[in-house]
Amino acid sequence: MSADRFEKLKAIAAEAVSISELFKLESNRMDNFVLREGPLRADFSKQAMSEHAKDQLLYLAADCQVEHWRQRFFDGEKINTTEDRAVLHMALRGVGGDEAVRKQVKEMRQKLRAFAEKIRDDGKFKAIVHVGIGGSDLGPRLIADGLAASTKSPFELRFAENVDGASINDALAGLNPKSTLVIVVSKSFTTQETRMNAEAARDWLEKALGKKAGANFIAVTANRRGAESFGVAGDQIFDFWDWVGGRYSVWSAVGLSLQIAFGPDAFDQFLSGAAAMDQHFRDASLGENLPVMMALTGIWNRNVLGYTSVAVIPYARRLRKLSAFLQQLEMESNGKSKTRDGQDTGLTCPIIWGDEGTNGQHAFFQWLHQGTPGAPVDFVAVLKDHEERPAHHNALLANCFAQSEALMIGKPEYVVRDEMIAAGYSQSDMDKLAPQKTFPGNRPSTIITLDELSPFALGHLIALYEHKVFVQGVIWGVNSFDQWGVELGKVLAKSILAEMDGAKGEHDKSTAALIELLSAKSA
Ligand code: F6P
């Protein structure tokens with residue numbers, strides 16, 4: 001990040017007025033800070049950012065060559081340099097990619113559609129158990145909930161991700177193996193959790209179906225050989241490719257369970273929604289560009305104002321897994337401390353966290369309003385009532401809008417005291433309570449609204465966040481498409497597991513005592 005520009009931004013922040021004041025000073029604030037694209041509207045006006053700050057952030061984006069990197073991304077260059085790979089998940093939704101890639105994608109989409117239709121038509125299967133973890137789980141899980149707003153699935157769709165036996169046990173509980181389709185999703189087909197859960201599911205099928213079990217077992221992977229040596233028949237395997245990152249893979253065959261459960265048409269609309277956001281990201285100028293604006297807002301909050309986290313609060317039950325999904329998308333992509341060329345970075349990705357509204361209001365909103373330092377919030381709301389409960393829906397949205405307003409306006413102590421005087425409080429009670437009832441305000445938030453929770457809008461929303469992550473990665477100078485930080489723990493877990501079976505290993509005293517504890521228990 002350019003040091004000069006950063007100093008300028010810091011200076012602007014030091015002289016900043018409150019967000020409420022900005023509304024008074026900037027008569028065009030709503031025009032300048034609200035962007036709409038298709039079914040999605042994003043209101044950044046309640047960010048603690050002036051128009052001047054926004055302009056400087058746009059210069060920062062130019063300094064960091066965001067447009068150049070965007071072009072390289074759309075051109076399919078190998079921007080995942082540490083793994084020497086192109087990053088082509090947009091090609092899965094029909095944007096970019098060379099002729100060979102487009103052909104691969106087209107053929108795979110036809111194959112997936114035909115398979116999904118066959119399963120939907122022949123009625124043999126009643127349940128789908130999707131086995132996978134991380135990018136092979138979080139996207140499908142989130143989107144399964146989201147698609148349910150507009151389409152009813154005739155299947156019982158369950159997920160098993162954790163290596164904790166409870167995960168696969170719960171997923172299989174009460175199902176009939178004969179009418180259950182197990183879909184194992186793993187890009188690498190080496191992931192410990194997925195392989196163990198896949199083995200458990202296969203045993204469960206084989207116990208009931210014997211040699212016929214294979215017909216109920218599908219693999220989705222970029223490692224066909226790995227799946228075959230696991231015992232999956234070649235024609236039961238659906239491929240994807242190394243140019244699809246795990247956390248960007250829901251658009252690929254990884255979404256097979258969704259295509260079966262909700263139908264290939266709904267899935268195609270989901271892809272189209274993402275493609276429309278890709279086109280917007282590619283074509284809109286930086287100042288009018290939703291992902292760019294989201295990214296710059298995040299940079300402002302993280303690098304200039306110093307916030308350490310971002311809360312993502314969907315006021316939509318069917319998006320309740322959004323923060324979990326974004327934890328992987330954002331933190332695995334940009335949770336880095338070295339630049340692409342191995343230098344130390346400045347501050348990069350904040351902690352992403354959150355839960356659905358209104359539930360969060362009865363848990364962590366106390367901290368958001370009065371805790372230190374609080375966190376910027378992304379509120380996500382859906383304008384259409386999909387549940388035919390208009391009173392509930394209005395209450396849900398009223399809460400969402402109120403929280404965003406409350407975070408911004410706060411409640412100064414003099415207002416609290418005026419209210420307490422009017423309510424007849426004694427002076428001593430007032431002195432005791434007034435500071436507690438005061439809200440500092442000036443806490444930033446963005447409100448993203450979707451006209452409806454259609455498959456198209458879902459695709460739009462997820463692609464928006466993907467591109468935001470891309471832009472932030474460019475500004476922070478990191479490779480957003482590798483994840484070396486997950487490796488060390490995996491390696492140690494493997495050797496500790498072997499030691500539980502008697503192998504020798506060396507550890508610090510704390511870890512050695514823990515291994516000993518388990519060995520003593522199982523002896
Ligand atoms: O542990 C990290 C990770 O490699 C993620 O990047 C990935 O989404 C997840 O594991 C699952 O990997 P796979 O799809 O290869 O099983």
Side-chain angles (χ1 to χ4, degrees), residues 79-89 92 108 129-144 159-164 167-168 171 182-202 217-232 237-258 321-336 349 352 462 465-466 469-470 473 478-494 496-497:
I79 55 174
N80 178 358
T81 43
T82 60
E83 295 176 319
D84 194 30
R85 288 176 186 163
V87 178
L88 289 170
H89 49 271
L92 299 165
M108 182 49 59
V129 174
H130 177 115
V131 176
I133 195 164
S136 297
D137 166 71
L138 291 161
R141 221 181 248 266
L142 164 70
I143 302 307
F159 293 87
E161 81 296 356
N162 199 331
V163 75
D164 184 332
S167 182
I168 190 69
V182 173
I183 303 182
V184 177
V185 182
S186 176
K187 180 176 173 184
S188 60
F189 229 82
T190 58
T191 304
Q192 181 195 48
E193 294 92 328
T194 303
R195 287 186 72 98
M196 290 181 77
N197 283 334
E199 276 163 20
R202 183 174 58 187
F217 198 92
I218 300 288
V220 175
T221 186
N223 175 13
R224 174 169 274 269
R225 216 177 274 167
E228 280 170 349
S229 64
F230 187 84
V232 188
I237 300 173
F238 291 86
D239 304 283
F240 64 112
W241 308 279
D242 68 359
W243 43 261
V244 184
R247 53 196 174 271
Y248 300 88
S249 65
V250 65
W251 322 98
S252 70
V254 168
L256 176 61
S257 321
L258 304 171
K321 297 187 183 117
L322 184 62
S323 54
F325 171 81
L326 292 177
Q327 278 175 341
Q328 189 199 18
L329 182 66
E330 303 213 16
M331 295 167 81
E332 198 166 78
S333 295
N334 287 338
K336 316 266 164 82
C349 187
I352 308 293
I462 303 307
Y465 273 101
E466 284 183 352
V469 168
F470 172 81
V478 300
N479 174 4
S480 302
F481 301 103
D482 60 11
Q483 57 284 320
W484 299 102
V486 303
E487 294 304 328
L488 178 58
K490 286 186 192 173
V491 172
L492 290 180
K494 222 179 236 175
I496 290 174
L497 190 58

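Along the sequence shown, the residues carry numbers beginning at 1. One-based numbering, in listed order, for ligands and for the atoms of each. FYI, side chains are in, hydrogens and waters are out, and symmetry mates aren't considered; it's all heavy atoms of this structure.
On a distance-only criterion, S136 and ligand 1 share at least one N/O pair closer than 3.5 Å. Considering backbone and side-chain atoms alike, S186 places an N or O below 3.5 Å from some N or O of ligand 1.
The two residues S186 and T194 make their nearest non-hydrogen contact at CB-CG2, 4.0 Å.
Of the protein's non-hydrogen atoms, S188 OG, 2.6 Å is the one closest to atom 15 (O) of ligand 1. T191 OG1, 3.4 Å is the protein heavy atom nearest to atom 12 (O) of ligand 1. Summary of contacts: the protein heavy atom closest to atom 10 (O) of ligand 1 is K490 NZ, 4.3 Å. Annotation: atom 11 (C) of ligand 1 to nearest protein heavy atom, I133 O, 3.2 Å. The single protein non-hydrogen atom nearest to atom 2 (C) of ligand 1 is E332 OE2, 3.5 Å, given as residue, atom name and distance.
Contact annotation: the side chain of L92 approaches that of W243 to within less than 4.5 Å [non-hydrogen atoms, C-beta and beyond].
For the pair Q328 and ligand 1, a heavy-atom separation below 4.0 Å is found.
For ligand 1 and G135, the ligand atoms under 4.0 Å from any heavy atom of the residue are 7 (C), 8 (O).
With E193 as the fixed residue, the side chain to side chain contact (heavy atoms under 4.5 Å, CB included) test singles out one of V131, I133, D164, I168: I133.
Residue-environment remark: CE (M108) exceeds the threshold of 12 foreign heavy atoms within 6.0 Å.
Note on ring orientation: taking the six-membered ring where Trp is involved, the planes of F159 and H130 are tilted (angle from 30° to 60°). Between Y248 and H89, the ring planes lie parallel to each other; the angle is under 30°, not in the 30° to 60° tilted range.
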Begin with the C-alpha distance, continue with both residues' side-chain angles, and end with the deciding distance and a verdict on side-chain contact (heavy atoms from CB on, under 4.5 Å) for S249 and K187.
CA-CA 9 Å; S249 65; K187 180 176 173 184; over 6 Å; no
